[in-house]
Engineer: 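Let me give you the structure first, and then I'll get to my questions.
Letters go in sequence order (proteins before strands), and every chain restarts at 1.
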Amino acid sequence: MISFIVDFFSYSFTVNALIASLLISIAAGMVGAYIVARRLVFLSGGITHASFGGVGIAFYLGVNPILGAAVFAVLSAFGVELLTGRLKVREDSSIGILWSLGMAVGIFFVFLTPGYAPNLMSFMFGSILTISESDIWMIFGLTVVMAIFFIIFYRAILYLSFDPSFARTQGVPVELFSYILMGFMALTIVLSIRLVGIILLLSLLTIPPSIVNTFTKRFSSIILWSMLVAFTGCLGGLVVSYTLNVPSGATIILILIIMFIFAKVYRYISVFLKQSKA
Amino acid sequence: MAKILDVVSASAGYNGELILRDVNFEVSDNDFIGVIGPNGGGKTTFLKLILGEIKPSTGAVNYFPNGNRQTLFGYLPQVTTIDKSFPISVLDVVLSGLQGQKGLSGWHKSADITTAKKIMERAGIAHFANNPIGQLSGGQLQRTFLCRALISNPRLLILDEPNTFVDNKFEKELYALLQELNREMAIIMVSHDLGTITTHVKTIACINRHLHYHPSNRITSEQLASYDCPIQIIAHGPVPHTILHEHHD
């Protein structure tokens, strides 16, 4: 056991992975609680997948794929707003269109890129090995800025999510805040791609708040406990994937799903016991 | 009595389409104004206009004494737009009515919670304070939103269809409470129900693209017709008339 722990921490990439997991779990707790409460999960899925278009173009141009993904994530977030608001396309249809458009653009440019794109798979499914120190600094910056925003404006965020038109009468700049939060959402998604990959990312945002929501209906508790649940999933996933030599992203998601099932079963049984006692 | 707000020759609508034309209107302290009119006639647009949610395309809306509107109103919107599974407690919903006074980054002090509890006591929902709103009945939810509207101690209480989805018992209590509150604040109440309006309000505004103000709470069908106020009345009380004239411009 001791030798396992020593082994595990003796590689710099596992230390990087742990620090990144912790920071991403903190960011994902805030963003996840927000998108689940406001029912923006499908929109988040669209943004996540559309960002692959940016990855493809970045490969083709030979620039940092995370930069390409960030540009596409933000563009697709505003694209949904434009299609739905100005062009009167129904929102779920807009999301569906941009979701597949981004994937199509990505595949198109990856195909055009001469030679083999070696870490393409890591973008689809995540790869802990590819997390560099500069990635960690970017995630750190985002997490700190977002945490400050959530602490200062917690009440305004809660009220505008619950009842935007009432919040507006209370002087909350609902549109501005929604855009800022959408920006945070897009950036959190992009910076989490390295950890779990585009295809698996939605679960990292939605499973922890869904688990916590089983036990509490308080928004602040959902944010804080989601961070802990997400980090537990990441930690478990990293250890299991290191031990069994399986992909880390998929392992993290599977562990979160197992926690979700346990939470639901536990809840079901405890409600059943309470009822049979009464 | 001091004027709270006035609307001067205002027109308003969405995407270039005018819903309300040339509206003149004013509210003073202790007014109790019933707002009636057909669906699609502009009642909601009118509320958004005076709440400052939309700007008039011509004319103006002025707030007194100093143009600051956020601390003026308590607002009870229609319940239909609420997501009942949203993770928020009854107490937090009530406290959200203070955000306009607290400012954007405001946190609550224990005094705010005491105020909230006092108002919730009066509305009979204090024992639900820490429950999620998903566990409330229609009447309890409406009480919660009424507390949210009242916690800021507003000069003007604006109610949009407060009697939809509530039981008779709550409706009676609500109107008794409104009479009491009217001694401290002005009230604007939108309702479909002319029977209720005429028994509880002091004056009536009829909205159908234009606004016609009736400075009493007695309206006959002849008066309504002469004011061009075609409204569809569902009278539960002793007000036996239905008027279905079309409005011709």
Engineer: What residue, out of Gly134(B), Gly97(B), Pro132(B), Ser152(B), has the most heavy-atom pairs lying under 4.5 Å from chain A?
Structural biologist: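 If we count pairs closer than 4.5 Å to chain A, Gly97(B) comes out on top.
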Engineer: Which pairs with one or both residues in residues 82-101 of chain A pass ring-ring contact (aromatic ring centres under 6.0 Å, His included), sequence neighbours excluded?
Structural biologist: Phe42(A)-Trp99(A), His49(A)-Trp99(A)
Engineer: What's the spacing between Lys217(A) NZ and Ile88(B) CD1 if we round to 0.5 Å?
Structural biologist: 14.0 Å
Engineer: Consider only side-chain N and O atoms of Ser94(A) and Thr84(A), and report whether a donor and an acceptor are under 3.5 Å apart.
Structural biologist: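 Their side chains do contain a donor-acceptor pair, which is all the 3.5 Å distance test asks for.
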Engineer: Side chain, backbone, both or neither: which part of Leu98(B) has an atom under 4.5 Å from a heavy atom of chain A?
Structural biologist: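 Just its backbone gets close to chain A.
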Engineer: For chain B, which candidate among Ser161(A), Ala167(A), Ser221(A) shows the most heavy-atom pairs at distances under 4.5 Å?
Structural biologist: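 Sorted descending by pairs with chain B, the first entry is Ser161(A).
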Engineer: Given a strict heavy-atom distance threshold of 4.5 Å, which part of Tyr75(B) is in contact with chain A: side chain, backbone, both, or neither?
Structural biologist: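 Contact with chain A: backbone and side chain both.
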Engineer: How long is the span from the CZ atom in Phe128(B) to the CD atom in Gln140(B), to the nearest 0.5 Å?
Structural biologist: 3.5 Å
Engineer: Determine the option with the most heavy-atom pairs under 4.5 angstrom with chain A, choosing from Asn130(B), Leu104(B), Ile133(B), Leu95(B).
Structural biologist: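 With the most close heavy-atom pairs to chain A, the winner is Leu104(B).
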Engineer: Tell me whether Phe262(A) at atom CZ has more than 12 heavy atoms from other residues, nucleotides or ligands lying less than 6.0 Å away.
Structural biologist: no
Engineer: Parallel, tilted or perpendicular: which describes the rings of Trp137(A) and Phe140(A), with under 30° parallel and over 60° perpendicular?
Structural biologist: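 Perpendicular.
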Engineer: Does NZ or CZ of Arg148(B) lie under 6.0 Å from the centre of the six-membered ring of Phe166(A), at an angle within 45° of the ring axis?
Structural biologist: yes
Engineer: Select one option (side chain, backbone, both, neither) describing which atoms of Gln99(B) are under 4.5 Å from chain A's heavy atoms.
Structural biologist: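 Both parts, backbone and side chain.
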Engineer: Taking side chain as everything from C-beta outward and backbone as N, CA, C, O, which of these in Tyr159(A) sits under 4.5 Å from a heavy atom of chain B? Side chain, backbone, both or neither.
Structural biologist: side chain
Engineer: Under 4.5 Å from any heavy atom of chain A, what part of Asn131(B) do you find: side chain, backbone, both or neither?
Structural biologist: neither
Engineer: Which of these passes side chain to side chain contact (heavy atoms under 4.5 Å, CB included) with Ile125(B): Leu146(B), Thr144(B), Ile119(B)?
Structural biologist: Thr144(B)
Engineer: Using non-hydrogen atoms and a 4.5 Å limit, figure out which bit of Leu51(B) sits close to chain A: side chain, backbone, both or neither.
Structural biologist: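 Just its side chain gets close to chain A.
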Engineer: Only pairs of heavy atoms separated by less than 4.5 Å count here; which of Thr216(A), Asn213(A), Ile151(A) has the most with chain B?
Structural biologist: Ile151(A)
Engineer: Given that the side chain runs from C-beta out, which part of Ile222(A) has a heavy atom under 4.5 Å from chain B: side chain, backbone, both or neither?
Structural biologist: side chain
